[in-house]
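Below is one structure, written out as structure tokens; the observations come after it.
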2 protein chains.
Amino acid sequence: MRRGGSVAKRPVRGFGGVALLPTAYDVATHAGVSQSAVSRAFTEGASIAPATRDRVLKAAAELGYRPNLIARSLITRQSRTIGVVVGYLENQFYPQLLQALSHAFQAEGYRLLLFTSPPGSGDPVVADMLSYRVDAVILASVMLSSHLAEECRAAGIPVLLLNRKTDSPTVSSVTGDNEGGGRAIANYLLAMGHRRFGYVAGLESSSTSRDREAAYRAVLEPQGFGVARAVGHYDHMGAKIATRALLASGQAPDAIFYANDHMAMAGLEVARFEFGLVPGRDLSIVGFDNVGAAAWSSFDLTTYSQPIDHMVSMVVGATLDQISHPQAEPVRAVVEGGLIIRASTRAPAGAPAGAPAGAPAGGPAARG
Amino acid sequence: MRRGGSVAKRPVRGFGGVALLPTAYDVATHAGVSQSAVSRAFTEGASIAPATRDRVLKAAAELGYRPNLIARSLITRQSRTIGVVVGYLENQFYPQLLQALSHAFQAEGYRLLLFTSPPGSGDPVVADMLSYRVDAVILASVMLSSHLAEECRAAGIPVLLLNRKTDSPTVSSVTGDNEGGGRAIANYLLAMGHRRFGYVAGLESSSTSRDREAAYRAVLEPQGFGVARAVGHYDHMGAKIATRALLASGQAPDAIFYANDHMAMAGLEVARFEFGLVPGRDLSIVGFDNVGAAAWSSFDLTTYSQPIDHMVSMVVGATLDQISHPQAEPVRAVVEGGLIIRASTRAPAGAPAGAPAGAPAGGPAARG
DNA sequence: TTGAAAGCGCTACCAG
DNA sequence: CTGGTAGCGCTTTCAA
């Protein structure tokens with residue numbers, strides 16, 4: 001006997017005074033069918049007569065019933081929940097990514113369980129994603145300890161890295177085209193006549209920053225050009241400090257590539273407001289990501305785009321694949337972007353610095 | 001008999017080839033205790049002998065066992081999950097809020113289930129938070145249909161509005177001090193000698209925008225000053241268009257208050273780059289929120305702060321209260337901010353426009 | 001302090 | 001197509 005057995009129009013109040021939601025059992029009684037029938041009525045493609053179904057749905061609506069996804073998860077062993085770990089949301093790229101991820105997964109019937117890694121605490125907080133039985137884990141811009149990766153693997157939970165790579169062969173990753181971007185930027189700056197180059201790294205530990213820098217140098221150094229270098233820690237203030245160091249040096253670079261737009265915007269401000277330089281005339285500043293604010297007139301930043309929608313659709317696809325085929329090979333996708341030329345870089349002789357922005361070149365592509 | 005009855009060192013592989021995680025039952029067998037004992041070992045303050053507990057924990061570690069929170073939720077009727085609905089993350093205020101919320105709730109042992117409302121689709125997506133049995137719902141910057149609010153109430157799920165109010169007496173809310181901010185801004189602009197005022201609203205439907213405007217007008221209009229007005233739709237481009245309309249008019253305002261920083265930054269760009277005006281000299285521009293970028297040198301924006309940490313700790317406290325005392329009165333907290341004076345507003349005669357930024361005045365406070 | 005047993009609300013498998 | 005029945009993995013009585 002359940003709760004005194006009576007069926008109420010509205011959620012029954014339990015003995016503690018807390019509201020109890022109606023269950024499939026209540027609906028069944030109300031509709032005069034079995035509890036199984038109620039389950040079927042709410043299961044896509046289940047074998048149930050339309051009439052029965054309608055009767056159940058009507059009863060459910062009257063009682064304000066909704067299937068309890070917790071109970072469903074317990075038996076289906078699918079929580080329809082994706083654990084997402086993001087680091088810092090200051091860099092606009094990540095909120096944009098998060099929003100796109102959320103929409104894309106919602107469209108597939110999944111929800112995001114959000115985990116932010118507070119400064120110090122790495123794994124411990126993240127680790128209990130496993131207790132929540134998320135169907136997959138997506139790590140955007142966070143260190144993944146190999147221990148956690150191993151635990152996820154052991155638990156059969158797919159791990160996907162977004163905008164980050166790892167050496168571990170068991171985890172999939174989706175990144176922008178760091179190599180292509182670094183090369184494109186170097187070539188473009190060379191073509192614009194620059195000869196003194198700088199690079200502001202994100203974090204030394206970041207594969208993303210390293211890959212961009214390596215590709216940039218791979219173009220410049222063979223031609224005999226050195227690259228002045230500073231570390232901006234992916235941070236607004238850090239990038240300002242790095243820029244000051246670069247610009248205050250004897251042979252200050254007149255072309256600086258930043259590991260991302262977030263830092264490039266900070267650098268541009270230092271050049272403009274502290275050194276009185278005009279970006280696009282006295283020096284060129286280039287970022288990476290093409291975040292929304294890069295297009296604002298305060299920055300008008302030349303950058304290499306990371307097409308968020310493509311990256312997200314790629315990672316969603318890979319995630320769903322990994323969920324349905326746990327033994328599938330991990331994916332390592334590189335999504336091409338394109339050089340977006342704006343006013344922060346020197347224009348070719350004869351053209352005004354503030355020339356119209358170029359369209360992104362190239363589309364998405366997966367590469368081995 | 002479970003799964004053939006054998007206990008493995010590592011997660012057993014089920015028949016479908018999918019990894020099955022060890023259960024409390026497996027751990028019990030391995031440790032030579034009952035399954036109840038395993039449960040107790042993982043329950044804070046349960047009655048269990050230290051020796052037993054250690055034995056269980058050791059066995060659990062060997063098997064890689066983690067309690068299944070889904071199963072726990074089913075019986076405790078607490079998912080330890082908070083549903084958070086955010087609208088658009090372009091405005092940096094919301095990522096900041098989200099990050100702070102996430103950290104604060106994580107510290108209390110709760111996780112955030114993220115729901116973003118795709119343009120168009122309002123309730124439907126959000127509605128299945130109820131199916132996920134979230135312990136509470138926090139709505140930041142999203143319309144709450146009274147229908148959904150009612151459903152939550154019926155389900156006994158507390159609803160909290162963050163940075164937004166409603167007329168419904170059953171939902172709690174935590175907002176910044178829109179009235180105090182609007183007044184402070186008006187008084188400050190008056191004191192700086194402005195006589196032609198403008199306001200750029202967010203959305204007409206937004207209580208936040210309306211409250212700020214009303215307070216602003218309540219100071220200005222009794223003194224005989226009108227307020228030119230445009231709607232920026234809380235959007236970068238919308239704010240630019242609104243600003244153009246204001247500045248192109250015959251009697252253009254020389255002091256414009258924007259419903260938030262996100263729009264104020266756009267407006268400042270229009271004034272500076274399209275109208276050749278120098279903010280802080282030719283006109284004053286004021287925002288609301290004090291987002292991170294407001295302090296960047298490109299904007300150096302005078303604004304009224306919404307102290308995120310205080311708002312978040314307030315909403316977390318209220319949420320936990322509502323969860324543990326479902327019949328508690330809804331909270332309506334207003335968190336005071338302070339006027340942050342930067343270079344985007346005209347300085348008093350004699351002082352340079354780019355005077356050092358002032359410190360926020362006043363601290364947090366809850367008011368009825 | 002401990003183990004056995006009874007569910008939480010649901011899905012999935014049976015017969016019918 | 002339908003109703004019964006057996007669990008999913010856990011917490012929580014209840015006796016011992």
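Chain naming here is simple, since letters A, B, ... match the order of the sequence lines and numbering starts at 1 in each.
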Q) Looking for any heavy atom pair under 4.0 Å, which part of the strands does T52(B) touch: base, sugar-phosphate only, or nothing? A)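 Sugar-phosphate contact only.
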Q: Report which part of the nucleic acid Y65(B) touches: base, sugar-phosphate, or nothing (heavy-atom distance under 4.0 Å, all strands).
A: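 Touches sugar-phosphate only.
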Q | Point-to-point distance, once rounded to the nearest 0.5 Å, from SG of C152(A) to CG of L139(A) | A |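 If I round to the nearest 0.5 Å, the distance is 7.5 Å.
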Rounded distance in Å - [atom1] ([X]) to [atom2] ([N]):
X	N	atom1	atom2	answer
Q78(A)	dC8(D)	CD	P	17 Å
L74(A)	dC8(C)	CG	C1'	9 Å
N68(B)	dC8(C)	CG	P	18 Å
R66(A)	dC10(C)	CZ	C1'	17 Å
I70(A)	dT11(C)	CD1	P	13 Å

Please pick, from [options], the nucleotide with the shortest atom-to-atom distance to any side-chain atom of [X].
X	options	value
R77(A)	dC8(C), dC8(D), dC10(D)	dC8(D)
Q35(A)	dC10(C), dG9(C), dG3(D)	dC10(C)
I75(B)	dG3(C), dT1(C), dC10(D)	dC10(D)
S34(A)	dT12(D), dG3(D), dC10(C)	dG3(D)
S36(B)	dG3(C), dG9(D), dG4(D)	dG3(C)

Q | Closest-nucleotide ordering on DNA chain C, the 5'-leading residue of T43(A) and I48(B) | A |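 Counting from the 5' end, the first nearest nucleotide belongs to I48(B).
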Q. Checking side chain to side chain contact (heavy atoms under 4.5 Å, CB included) for the pair L98(A)/V84(A): CA distance, chi angles, key distance, verdict?
A. CA-CA 9 Å; L98(A) 191 58; V84(A) 175; 4.0 Å; yes
Q: Report yes if a donor N or O on one partner sits less than 3.5 Å from an acceptor N or O on the other, where the partners are the side chain of R40(A) and the base of dG3(D); otherwise report no.
A: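 Pair found.
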Q. Do Y25(B) and Y65(B) have ring centroids that are under 6.0 Å from one another?
A.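 Between Y65(B) and Y25(B), the centre distance exceeds or equals 6.0 Å.
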Q | salt bridge (Lys or Arg N to Asp or Glu O under 4.0 Å) assessment of D128(A) paired with R66(B) | A | CA-CA 8 Å; D128(A) 58 21; R66(B) 293 174 178 288; over 6 Å; no
